[in-house]
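A short write-up of the structure that comes next.
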Amino acid sequence: MTSLGALTFCGSTPTVREKPAPGPVQVVKVTPLEKAESAEPKAPVSIASRAELVSAAQTWIEASYYAQGEERQDLLLRSTAALIIAGHAAEAKYILDGIDVAGLPAQYTERKRLLRIQFALVGGQLELAGRYLARYRRLRELDPEFRTQILGLSAQAHILSNEPMQAVSDLIRREQYLTDSMALRKNRIRIWHALGAAKPIEVQIARQSSGSVVLADWLDLSLLFDDFATDPYRLRQTLGDWVQLNPLGGAQTFAREMLRMSGPPANARGAPIIKVALLLPLASRFGAAAQAVHDGFSAMRALDSDPLRPDVAVYDVGEVPELATSYYRLAVEEGANLVIGPLGKQAAMATLSNQRVSNVPTILLGGIRQSSILPPNTYQIDLAPEQEAIQVANRAYVDGQRVAAVLSPDSEWGQRVANAFADQWRSLGGTVTRVQSYNEASNDHSFAIKEMLDLNTSEGRKSSLSVLLNRRLEFRPRRRQDLDIIFLAARPVPGRLLKPQINFYQAHDVPVYSTSDIYSGSRDTVNDADLDRIIFGDMPWLLRNGNRAATLRSTVEAGNPPQSGLERMFALGIDAYLLSRVIPYLNPRTTITLTGVSGDRLVIGESGHIERQLIWARFENGAPSVLDDMEVGYIYEDIQTGLREQSGGAPGTGPIGGTQRP
């Protein structure tokens, strides 16, 4: 990880050095961190606010050089919290270890302990976090604000330890100390995520033994969703009935909000959708993929018990993309008032050029540049690898990485993916040291890897020196040491060769990130053991286990399982159907978020593009292990809340910019 520019940490003693001052430090009224805190927290933390947090930490550390006593330790505590959020773990720990709270009011000791818990959770040190938390679970007398944070951290620790029901209990207890409506809403979302991580049998057992009315309501709501997970129409009806019978409570408030987001509003605009046209290239070289989309769409429609669900007409647009425009026109003339497709970039572009595309709601299933604004009533979703590469860049940058090397196949696909990652990485402020290609057909990628790691330069220096000295030298080439990550664009078979060779050439400790292409979609622990430690993004349809997404998958695939290797196209078909039940009723250019299976969330933006937000996994022992970013996001959010509550309250207060809280 790169250092913090002006911040330098050296030496072995974990203390913060005094710095001689040539003059007074300028202290601003509104700090970068306060600007970051005013935004809606994201999981884990937005890229934009990361630089602001680092800037705030630098400001506070510089100000601490000229402060003493409580003010100095307050500044250092605030800077530590900002660095933890920003992903600079080593620097945060260095400062935290050097903070001296001896003789100061008790709040400083508690703030330091809170940061130690948060640091342990962010770093995956669950045992250590558990020991810290155990002390507070035994205490009855705690300040309400402090108890709120402790219960939130305890819930995070339980989720990360795969104990979701204990997390639910903590969060329900936490709610009694919350007064702000936004804080209550976020806490209820956390309860729901924790319930979603529990297995149905765990929820059923907890319901049978529950002595709490509040907990029973949440468990009933979760079981209701489990019972009707595969039928959105019946779910909506049953949910409405349940809320009417049980009007009061946090679970009921949450259920009413879900009802508002689960279907068309009562005063939905436009005429009902009577006929949907599905435009797919069934008789083409992409026929198998098109059939998988069709099967996913049909499978989800078969589960929809809505008596007013529309009829579907399938149009085979064939091999020639330009003919898609003619089929689109024919579908509209034959009464379709919603069109889904065509599938594929060229066919989607050809259809987009048709001026009549905006006459009916249209969901294109092909890659359209994200920078383009689509016509009214037109939306777009696809599985383009370039968009995934952009999300990989965002993810790695949020993880705190800054210097990347790119390794991609010497093909048109490889070049597109490599360029998408590199362009996004540079736009974020990252550095790309090298973009190196390899031959997918080869079994030996040593030359490409050595070039990427700059080992050939090291070997060249050795050869020159050997000639100069006229003797053979004992020598081990040394790779470049400035790399934070390697972005690997690879499919499973070459990936299984590349990762072990990357490890062999001294880069075993460099994190490797990839797109979903690295994973076949089927568990193969024997062969995929060679992919261990690679981090990649993929869809919940393939990665979620033991929750509602898995329930839906098992139900859908029981009737019509997709062909092996085409599961992602099948999932795209499912989401196309789900979108078809919502999009026609949206106000123009409304931004909303839906739960999907090809993406953890489907964000329908004002431009008309639908972003599939991936979930993240790491290969462990040959199998994908999902990284629970939701809880990491809550850790960051609680740190930001703690900064406000413990270090001066509202923005503009505290030692930088106003009166310090007593």
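These numbers come from a predicted model, not from an experiment.
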Non-hydrogen atoms of V417 and F487 that approach each other most closely | CG1-CZ, 3.7 Å
Which distance, rounded to the nearest 0.5 Å, do you find between the CG of L184 and the CD of E175?
-> 5.0 Å
Would you indicate whether the side-chain heavy atoms of Q125 and F119 approach each other to under 4.5 Å?
-> yes
List the steps and the verdict of side-chain contact (heavy atoms from CB on, under 4.5 Å) for V432 and R426.
-> CA-CA 7 Å; V432 177; R426 292 187 182 106; 3.7 Å; yes
Is a side-chain N or O of D484 found less than 3.5 angstrom from the main chain of R402, in a donor-acceptor match?
-> yes
Go through R147 and L151 one step at a time and tell me if the side-chain contact (heavy atoms from CB on, under 4.5 Å) criterion holds.
-> CA-CA 6 Å; R147 186 178 292 277; L151 286 170; 4.0 Å; yes
Taking atom NZ of K186 and atom OG of S181, what is their separation to the nearest 0.5 Å?
-> 10.0 Å
Side chain proximity check, V626 to W616, heavy atoms < 4.5 angstrom = no
Would you check if L488 and I534 make a side-chain contact, meaning some heavy-atom pair closer than 4.5 Å?
-> yes
Flag, side chain of Y397 to backbone of W425, donor-acceptor distance under 3.5 Å = no
Contact summary for G599 and R612, nearest pair of heavy atoms | CA-CB, 4.1 Å
Would you find a donor on one side and an acceptor on the other, under 3.5 Å apart, between the side chain of Q176 and the backbone of R173?
-> yes
Side-chain (T80) to main-chain (I95) donor-acceptor, under 3.5 angstrom = no
Begin from the C-alpha positions of D180 and R185 and carry the test salt bridge (charged side-chain N to carboxylate O under 4.0 Å, His left out) through to its verdict.
-> CA-CA 9 Å; D180 178 71; R185 179 177 179 272; over 6 Å; no
So, R601 and E611, do they make that salt bridge, N to O below 4.0 Å?
-> no
All heavy atoms of S210 vs all of A216, minimum pair found to be OG-N, 3.7 Å
Kindly indicate whether the side chain of L407, heavy atoms from C-beta on, has any atom under 4.5 Å from the side chain of L498.
-> yes
For R533 and H508, what are the C-alpha separation, side-chain angles and deciding distance, and is it a side-chain contact (heavy atoms from CB on, under 4.5 Å)?
-> CA-CA 9 Å; R533 307 306 295 167; H508 57 279; over 6 Å; no
Minimal non-hydrogen separation, L543 against P624, with atom names = CD2-CB, 3.7 Å
Starting at CE of M452, measure out to OG1 of T433 and round the result to the nearest 0.5 Å.
-> 8.0 Å
How far does CD1 of I84 sit from CD of E91, to the nearest 0.5 angstrom?
-> 11.5 Å
Supply the atom-to-atom distance L83 CG to Q58 CD, rounded to the nearest 0.5 angstrom.
-> 8.5 Å
Say whether, by atom type as modelled, one donor and one acceptor occur between the side chain of D600 and the main chain of L614 under 3.5 angstrom.
-> no
Ignoring hydrogens and angles, tell me if any N or O in the side chain of S161 forms a donor-acceptor pair with the backbone of H158 under 3.5 Å.
-> no
Quick one: closest heavy-atom pair of T148 and R174, and the distance?
-> O-NE, 2.9 Å
Under 3.5 Å: donor-acceptor pair, side chain of K112, backbone of V101 = no
Is there side-chain contact between I502 and I486, with heavy atoms separated by less than 4.5 Å?
-> yes
Side-chain donor-acceptor pair present, D217, Q252, cut-off under 3.5 Å | yes
How are the rings of W218 and W192 set relative to one another: parallel (under 30°), tilted (30 to 60°) or perpendicular (over 60°)?
-> tilted
Min side-chain heavy-atom separation M165-L219 under 4.5 Å | yes
Atom CD1 in I159, atom CG in L121: separation rounded to 0.5 Å?
-> 12.0 Å
For L453 and A507, work out which heavy atoms get closest and say how close.
-> CD1-CB, 3.9 Å
Centroid separation F536 to Y513 less than 6.0 Å | no
Between the main-chain N or O of D100 and the side-chain N or O of Q73, is there a donor-acceptor pair closer than 3.5 Å?
-> yes
Verdict with supporting geometry, L428 and N394, side-chain contact (heavy atoms from CB on, under 4.5 Å) = CA-CA 8 Å; L428 297 172; N394 293 341; 3.6 Å; yes
R111 side chain to A106 backbone, donor-acceptor under 3.5 Å = no
Return yes if some donor-acceptor pair links the side-chain N/O of E163 with the main-chain N/O of A157 below 3.5 Å, else return no.
-> no
If we only count heavy atoms from C-beta on, is the D97 to R116 side-chain gap below 4.5 Å?
-> yes
Please examine the side chains of R188 and L171, heavy atoms only from C-beta on, and report whether any two atoms are closer than 4.5 Å.
-> no
